[in-house]
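Residue numbers start at 1 and run along the sequence shown. Ligands are counted one by one from 1 in listed order, and the atoms in each one are counted from 1 as well.
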Amino acid sequence: MKKLFGSAQKAYLLKDRILRRYFTGVDVAEGYLLITKEQTYFTDARYFLPAKEKFNSLGIDCRLYLGLESIKERLSELGVKELKLDYRTTTMKEYGDYKEFGLIISDCSDEIEISRSVKNQSEIDAIKRACEIIQRAYHSTIKRVKKGMTELEVKEILESYALEYGAEGMAFDTIVAFGENSAVPHHETGKTVLSDNQAVLIDTGCTINGYCSDLTRTAFYGEPSEKFLNCYQAVKMANQLALDKISVGITCVDADAIARNYLKEKDLDKFFTHSLGHGVGLEIHEYPTVSPRSKAKLVENTVFTVEPGVYLDH
Ligand SMILES: [Mn+2]
């Protein structure tokens, strides 16, 4: 469980499911988490009884939600003057409603994103497990890929292996792309049929305790051309160089440049059309983005992906 500290006067009010889960360790479909010096959880009658039991055992006060009035009353009971909201996940409608409380309102989304990027041991263990499972599922799947299969069939095989090997669910909709479809980084998996001498791109991930893994692999069915092999080797080398050279304290722009500069030497950088990677945790895309535009530093225990790619449509 992660901690966020408010004060007598300053409260955090979180509605987003992932944030509520992150700060309490308990996943409830709907509710509000109010953090002052202590935590108060609000949820409605649909979830209240089991939620109350869990929260009470964690020392969190759990109250029945009967509309925003319930929160407003608690805020005045506590004497809160300032309310911090996660603007990243707060709608304009909600913002308008909270404004009616008559308190000072400010944004805490950067503070939360940055603190979430640094993982503790149990988060790291969950992500590692999710990585192991998805790698195993990938290897089992790729052995079964055959001419005549559709992208959707390969996706189904992969996802059922992931579940069989212990994944709780998929981290995102698995992408399977054959042939020229693999030139689209986020191709929509469909009914394209695999034929001889085609690339097979798989981008997938699964979850353990809500934590995601993210794996992209390119294989080739048949005899790859020299051009394909050159690109494949270059991407693999760019990936390895980045893994070897990235160390604690490096900025995202410098991390990204390790792979990008190598691909530039091979005249392939213009086909590397996305960032090197991104943070990963309860969400598949988290802070920081490991891109040429981010000066954020990669500090100890930040979990992020390293996934250079070269996308050629011919
Ligand atoms: Mn990714």
Side-chain angles (χ1 to χ4, degrees), residues 18 88 113 116-119 123-124 126-139 141-142 151 154-155 158-159 161-162 167-177 181-189 199-219 231-232 234-243 245-246 250-260 262-263 268-269 271-294 296 298 301-312:
I18 285 178
R88 202 173 64 86
E113 269 196 338
R116 282 176 64 194
S117 68
V118 179
K119 269 67 181 177
E123 294 179 288
I124 292 171
I127 296 169
K128 271 191 180 164
R129 184 86 192 102
C131 289
E132 285 161 9
I133 291 170
I134 205 65
Q135 288 196 58
R136 215 181 134 202
Y138 171 79
H139 287 296
T141 303
I142 206 71
E151 292 168 343
V154 173
K155 173 186 163 168
L158 181 101
E159 294 187 345
Y161 273 126
E168 155 193 89
M170 301 312 290
F172 55 93
D173 221 10
T174 295
I175 297 167
V176 178
N181 293 344
S182 65
V184 182
H186 279 184
H187 166 68
E188 194 184 326
T189 308
V200 175
L201 179 136
I202 296 181
D203 186 355
T204 186
C206 64
T207 59
I208 288 291
N209 300 335
Y211 285 84
C212 301
S213 57
D214 183 5
L215 175 104
T216 309
R217 290 286 180 270
T218 305
C231 289
Y232 181 87
V235 171
K236 200 170 176 193
M237 184 54 96
N239 189 51
Q240 197 55 53
L241 275 177
L243 291 173
K245 291 191 174 174
I246 291 173
I250 193 172
T251 61
C252 289
V253 45
D254 289 342
D256 179 278
I258 297 168
R260 206 169 293 279
Y262 179 78
L263 291 172
L268 290 168
D269 57 313
F271 306 110
F272 177 21
T273 50
H274 54 65
S275 317
L276 181 67
H278 50 85
V280 64
L282 284 172
E283 286 177 279
I284 188 65
H285 295 123
E286 292 192 356
Y287 178 88
T289 305
V290 189
S291 89
R293 290 169 299 281
S294 167
L298 293 165
N301 293 336
T302 305
V303 179
F304 57 97
T305 66
V306 175
E307 42 184 342
V310 159
Y311 301 88
L312 298 175

Which residues satisfy the salt bridge (Lys or Arg N to Asp or Glu O under 4.0 Å) test with R88, sequence neighbours excluded? E113, E283
Considering residues at least two apart in sequence or located in another chain, which fulfil the ring pair (Phe, Tyr, Trp, His ring centres under 6.0 Å) criterion with Y311? H274
Answer yes or no: is there a donor N or O on one side and an acceptor on the other, between the side chain of S294 and the main chain of A296, under 3.5 Å? yes
Test of understanding: with ring pair (Phe, Tyr, Trp, His ring centres under 6.0 Å), list the residues that count as partners of F304, not counting sequence neighbours. none
Is any side-chain heavy atom of L158 less than 4.5 Å from a side-chain heavy atom of V176? no
Counting no waters, how many protein N/O/S atoms sit under 2.8 Å from the Mn ion (ligand 1)? 3
Does a salt bridge link R217 with D203, judged by any charged N lying under 4.0 Å from a carboxylate O? no
